[in-house]
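The structure appears right after this line, and notes come after that.
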Amino acid sequence: MSSSESPSTSSENGDSTVQYPLTEIDFNELVLQNAIGRGTYGLVQKAIWQGKEVAVKLINTEMERKAFQVELKQLQRVRHENIVKLYGACTRSRICLVMEYMEGGSLHDFLHSNPKIPYTSGHAVSWATQCADAVAYLHGLR
Ligand SMILES: Nc1ncnc2c1ncn2[C@@H]1O[C@H](COP(=O)(O)OP(=O)(O)OP(=O)(O)O)[C@@H](O)[C@H]1O
């Protein structure tokens, strides 16, 4: 996707929301690697797509489809350097989100790792600032 993509505005419940266009990704273009995590729904796997590392969140049951649709819609609304980037989604054969791969996993994983990995107060301030910037951006969305 190029950064020149412009979002469209749709009106839902009388509230206008911005959405970036979705890139449909061919599931056969993904070279799936190891599982890297599991959240409320779906399995997250590392993969290679068009020569780059990506994180693929796959759903396996119909019950997970609704949560997938909600997350897809949310990620289509955001573009921020501190929020994981959505490259696109597979919506035809297998259903999955294809996202920027974050080496090291989530900040939560890092902070709760066992054994603990040491970090400086400078790191903590930087992470807190990045989170605050992302939250401020989300609050600024309509
Ligand atoms: N883009 C990514 N890059 C690297 N690892 C990721 C990525 N997305 C998810 N993961 C890993 O997979 C795990 C599960 O992610 P997922 O998004 O399914 O759930 P979560 O955000 O941790 O929790 P919840 O589903 O409750 O919001 C994460 O904790 C992280 O370890």
Side-chain angles (χ1 to χ4, degrees), residues 1-10 12-13 15-142:
M1 276 192 285
S2 75
S3 54
S4 61
E5 276 181 327
S6 44
S8 62
T9 306
S10 69
E12 210 173 84
N13 304 326
D15 186 23
S16 56
T17 58
V18 164
Q19 274 207 313
Y20 291 91
L22 178 67
T23 299
E24 176 69 34
I25 291 179
D26 180 353
F27 187 75
N28 295 315
E29 286 185 8
L30 297 170
V31 182
L32 293 175
Q33 301 185 331
N34 52 306
I36 49 179
R38 188 177 273 284
T40 315
Y41 81 93
L43 173 70
V44 183
Q45 273 180 262
K46 187 175 175 184
I48 303 295
W49 175 65
Q50 298 191 341
K52 55 178 170 272
E53 292 178 324
V54 293
V56 175
K57 189 166 185 174
L58 276 158
I59 66 163
N60 286 307
T61 67
E62 269 305 306
M63 281 170 61
E64 293 177 324
R65 190 184 281 264
K66 191 156 184 225
F68 165 83
Q69 294 289 1
V70 169
E71 188 167 11
L72 176 60
K73 206 165 157 191
Q74 288 168 342
L75 287 174
Q76 269 184 275
R77 292 189 62 203
V78 297
R79 283 283 195 283
H80 188 272
E81 60 179 348
N82 301 128
I83 298 176
V84 74
K85 183 175 164 59
L86 177 73
Y87 290 129
C90 306
T91 63
R92 292 176 186 150
S93 53
R94 296 294 307 275
I95 310 289
C96 64
L97 299 172
V98 181
M99 300 169 283
E100 169 185 17
Y101 174 69
M102 307 307 291
E103 186 76 51
S106 68
L107 181 59
H108 184 276
D109 294 340
F110 179 86
L111 294 176
H112 296 274
S113 63
N114 190 10
K116 290 236 175 296
I117 303 165
Y119 58 87
T120 64
S121 54
H123 284 120
V125 169
S126 169
W127 296 330
T129 306
Q130 290 176 55
C131 290
D133 284 348
V135 171
Y137 164 80
L138 293 172
H139 279 300
L141 291 177
R142 292 202 47 180

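Ligands are counted one by one from 1 in listed order, and the atoms in each one are counted from 1 as well. In what follows, residues are counted from 1 in the order of the sequence shown. Keep in mind it's a predicted model, so treat the numbers as computed, not measured.
Proximity of V44 to ligand 1, defined as any heavy-atom pair under 4.0 Å, is confined to the side chain (atoms from C-beta onward). Of the heavy atoms in H108, none comes closer than 4.0 Å to ligand 1.
With hydrogens and angles ignored, the 3.5 Å screen pairs no side-chain donor or acceptor of Q45 with any backbone N or O of N34. Between the side chain of E29 and the main chain of D26, no donor-acceptor pair closer than 3.5 Å is present.
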For a quick test of your reading: what N or O donor-acceptor pairs under 3.5 Å do the side chains of residues 131-140 make, sequence neighbours left out?
{"from": "Y137", "atom 1": "OH", "to": "R79", "atom 2": "N", "distance (Å)": "2.9"}
{"from": "Y137", "atom 1": "OH", "to": "R79", "atom 2": "O", "distance (Å)": "3.4"}

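Heavy-atom contacts of R38 reach the following atoms of ligand 1: 13 (C), 14 (C) (cutoff under 4.0 Å). Atoms of ligand 1 lying under 4.0 Å from at least one heavy atom of V84, given by number and element, are 1 (N). Listed by atom number, the atoms of ligand 1 under 4.0 Å from A55 heavy atoms are 1 (N), 2 (C), 3 (N), 7 (C).
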Requested in this report: Would you please test Y41 and K57 for side chain to side chain contact (heavy atoms under 4.5 Å, CB included) and show each step?
Outcome: CA-CA 9 Å; Y41 81 93; K57 189 166 185 174; 3.6 Å; yes
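Proximity of L97 to F68: side-chain heavy atoms (C-beta onward) are separated by under 4.5 Å at one or more points. The shortest distance between side-chain heavy atoms of L72 and L86 falls below 4.5 Å.
Closest protein heavy atom to atom 11 (C) of ligand 1: I36 O, 4.0 Å. With respect to atom 4 (C) of ligand 1, the closest heavy atom belonging to the protein is M102 O, 3.2 Å. From the protein, the heavy atom lying nearest to atom 16 (P) of ligand 1 is K57 NZ, 3.5 Å. Looking at atom 26 (O) of ligand 1, its nearest protein heavy atom turns out to be T40 OG1, 2.6 Å. Among all protein heavy atoms, the one lying closest to atom 19 (O) of ligand 1 is G39 CA, 3.3 Å. Looking at atom 31 (O) of ligand 1, its nearest protein heavy atom turns out to be D109 OD2, 2.4 Å. With hydrogens left out, the protein atom closest to atom 1 (N) of ligand 1 is E100 O, 2.8 Å, a heavy atom. Of the protein's non-hydrogen atoms, the one nearest atom 13 (C) of ligand 1 is G37 CA, 3.7 Å.
Less than 4.0 angstrom separates atom 22 (O) of ligand 1 from none of the non-hydrogen atoms of the protein.
Between F110 and W127, the ring-plane angle classifies as perpendicular under the 30° and 60° cut-offs.
Within the structure, every pair that satisfies the side-chain hydrogen bond (donor to acceptor under 3.5 Å, both in side chains) test and touches residues 94-107, not counting sequence neighbours, is listed here: N60-R94, S106-D109.
H123 and T120 share a donor-acceptor pair across their side chains, judged by distance under 3.5 Å alone.
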